[in-house]
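Quick note: numbers below take in every heavy atom, side chains included, and nothing from hydrogens, waters or symmetry partners.
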Amino acid sequence: MEMRTFGRSGMRVSILGFGCGAVGGLMVRGDPADQERAVARALEAGVNYFDTAVQYGNGESERNLGRTLRQLKPVNAIVSTKVRLPASDFGRIGDAVAASLEASLRRLGMERVDVFHLHNAIAATANGEVLTVRQVLDEVVPAFDRLRRQGKTRFLGITAVGDTAALHDAIDARVFDSAQVSYNMLNPSAATALPANYPAQDYARLFDRTQAAGVGVIGIRVLAGGALTGAAERHPIASPPPMPIGSAHSYGTDLARAQRLMPLVEEGFAATLAEAATRFAISHPAMGTILVGIATPQQFEQALAAVQKGPLPQAALDRVAALQQGFAGEAR
């Protein structure tokens, strides 16, 4: 398993992380024996980063991950969880953040987590559960930092969802150690300039900012919620098709565009579209670890096999870029 240094934190993380989210569903709705088998296999393969959140199954993911890690007793597991603040808590952010982490630690059966991420989107102006960058820097960060000083988390992070300019400001402030960034073959803009009129949010080379600030990157939506498998079928314990993050305005549009990337398979660059997507995500040096949603132990094996083949070669990356040009000018 390739290990990468996670920004200025100095942590060494496996390039493949273990996502415990609701999209794949294994750690939310899966059979406990399958959960333990998949986590044990991940640990055996060298995976050391495990990502959960209270929102995943209303705490079920945290409970199941905590139970499984207590059974397996790994010595090197890095665990991250998240807080999503409802708008009703915006007047008491400090207390709400602390209460959320305390409850997460109880569900996990742990005294601390390694990384604590903000799950809310960030923008210039507040709207619903969207926080402003000023609220994040002036209220969330001090609350996170208090928890760090209390020994309840080691590092602080954000989920890089929201307005691009606000996300840049949050990263540039150099107060976060980690950022979960949407990066995939449908939207590579965190790494590179998009073609004109490209149908996706432009993250405006966010990786340049994370690298300059020493912020470790966790790649999310690597398979675009499943669209980059190229197949419409979903496993029974997976979530329904999720709303896209950063790509099209609908999952169906993402799926249709993903299917137009099939020349990568037909021309021999990868055995499957999911393999191509996984290897694409680890091809950028800013990437610390990637999360691939899994419903079954077999899906973990597929992600592992893809990662073990390494990043896509330059010829494949050039072919991806050429295919992406075909999306330019389309409605998002």
Not counting sequence neighbours, list each pair that qualifies as a salt bridge (charged side-chain N to carboxylate O under 4.0 Å, His left out) and has a residue in [range].
range	answer
residues 192-205	Arg205-Asp208
residues 94-105	Glu102-Lys152
residues 178-199	none
residues 212-229	none

[X] to [Y] - nearest heavy-atom pair and separation:
X	Y	result
Ala258	Ala227	CB-O, 3.2 Å
Gly219	Val222	O-CG2, 3.7 Å
Leu186	Ala200	O-CB, 4.4 Å
Gly225	Arg234	O-NH1, 3.0 Å
Ser61	Val28	CB-CG2, 3.9 Å
Ala124	Thr132	O-CG2, 3.8 Å

Set of salt bridge (charged side-chain N to carboxylate O under 4.0 Å, His left out) partners for Arg134, sequence neighbours left out: Asp138
Set of salt bridge (charged side-chain N to carboxylate O under 4.0 Å, His left out) partners for Arg12, sequence neighbours left out: none
Looking at [X] and [Y], would you say the former's side chain and the latter's main chain have a donor-acceptor pair under 3.5 Å?
X	Y	value
Glu60	Met27	no
Ser182	Ile245	yes
Gln201	Gly162	yes
Arg70	Leu108	yes
Arg260	Leu323	no
Arg148	Thr153	no
Asn120	Glu129	yes
Arg29	Gly24	no
Ser100	Ala96	no
Asn184	Leu223	no

Point-to-point distance, once rounded to the nearest 0.5 Å, from [atom1] of [X] to [atom2] of [Y]:
X	Y	atom1	atom2	answer
Lys73	Thr68	NZ	OG1	12.0 Å
Ile218	Thr210	CD1	OG1	11.5 Å
Ile158	Lys82	CD1	NZ	13.0 Å
Gln259	Leu273	CD	CG	8.5 Å
Met11	Asn48	CE	CG	8.5 Å
Glu62	Thr81	CD	OG1	3.5 Å

Carboxylate-amine/guanidinium contact Asp254 Arg257, below 4.0 Å: no
Aromatic ring pairing Tyr56/His119, orientation class (parallel under 30°, perpendicular over 60°, tilted between): perpendicular
Aromatic plane relationship, Tyr183 with His284 - under 30° parallel, 30 to 60° tilted, over 60° perpendicular: perpendicular
Partner set under side-chain hydrogen bond (donor to acceptor under 3.5 Å, both in side chains) for [X], not counting sequence neighbours:
X	result
Asp318	Gln314
Glu267	Arg319
Ser178	His117

When you compare the side chain of [Y] with that of [X], does any pair of heavy atoms fall below 4.5 Å?
X	Y	value
Met185	Ser247	no
Leu156	Leu118	no
Phe280	Pro188	yes
Asp51	Tyr49	yes
Glu139	Val97	no
Leu65	Phe50	yes
Leu131	Ile93	yes
Met1	Val47	yes

Ring-ring centroid check Phe155 Phe6, cutoff 6.0 Å: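 They do not qualify: ring centres at least 6.0 Å apart.
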Greater than 12 external heavy atoms within 6.0 Å of Asp172's CG: yes
Heavy atoms of other groups near Glu111 CD, more than 12 under 6.0 Å: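 Counting other residues, nucleotides and ligands, CD of Glu111 stays at 12 neighbours or fewer.
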For the hydrophobic clusters of this structure (ILVMFWY residues joined by side-chain heavy atoms under 4.5 Å, transitively), does one cluster hold both [X] and [Y]?
X	Y	result
Phe176	Val113	yes
Phe207	Ile220	no
Val307	Leu291	no
Val115	Ile290	no
Leu43	Ile78	no

Apart from Met243 itself, residues in the same hydrophobic cluster as defined by side-chain heavy atoms under 4.5 Å: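 Traced through the cluster, Met243 reaches no other member.
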Cluster companions of Val23 among Ile, Leu, Val, Met, Phe, Trp, Tyr (side-chain spacing under 4.5 Å): none
For Ala271, all residues meeting side-chain contact (heavy atoms from CB on, under 4.5 Å), sequence neighbours excluded: Glu275, Lys309
Intermediate values then yes/no, side-chain contact (heavy atoms from CB on, under 4.5 Å), Val83 and Leu101: CA-CA 7 Å; Val83 55; Leu101 182 55; over 6 Å; no
Trace of the side-chain contact (heavy atoms from CB on, under 4.5 Å) decision for Val39 with Phe300: CA-CA 9 Å; Val39 172; Phe300 171 78; over 6 Å; no
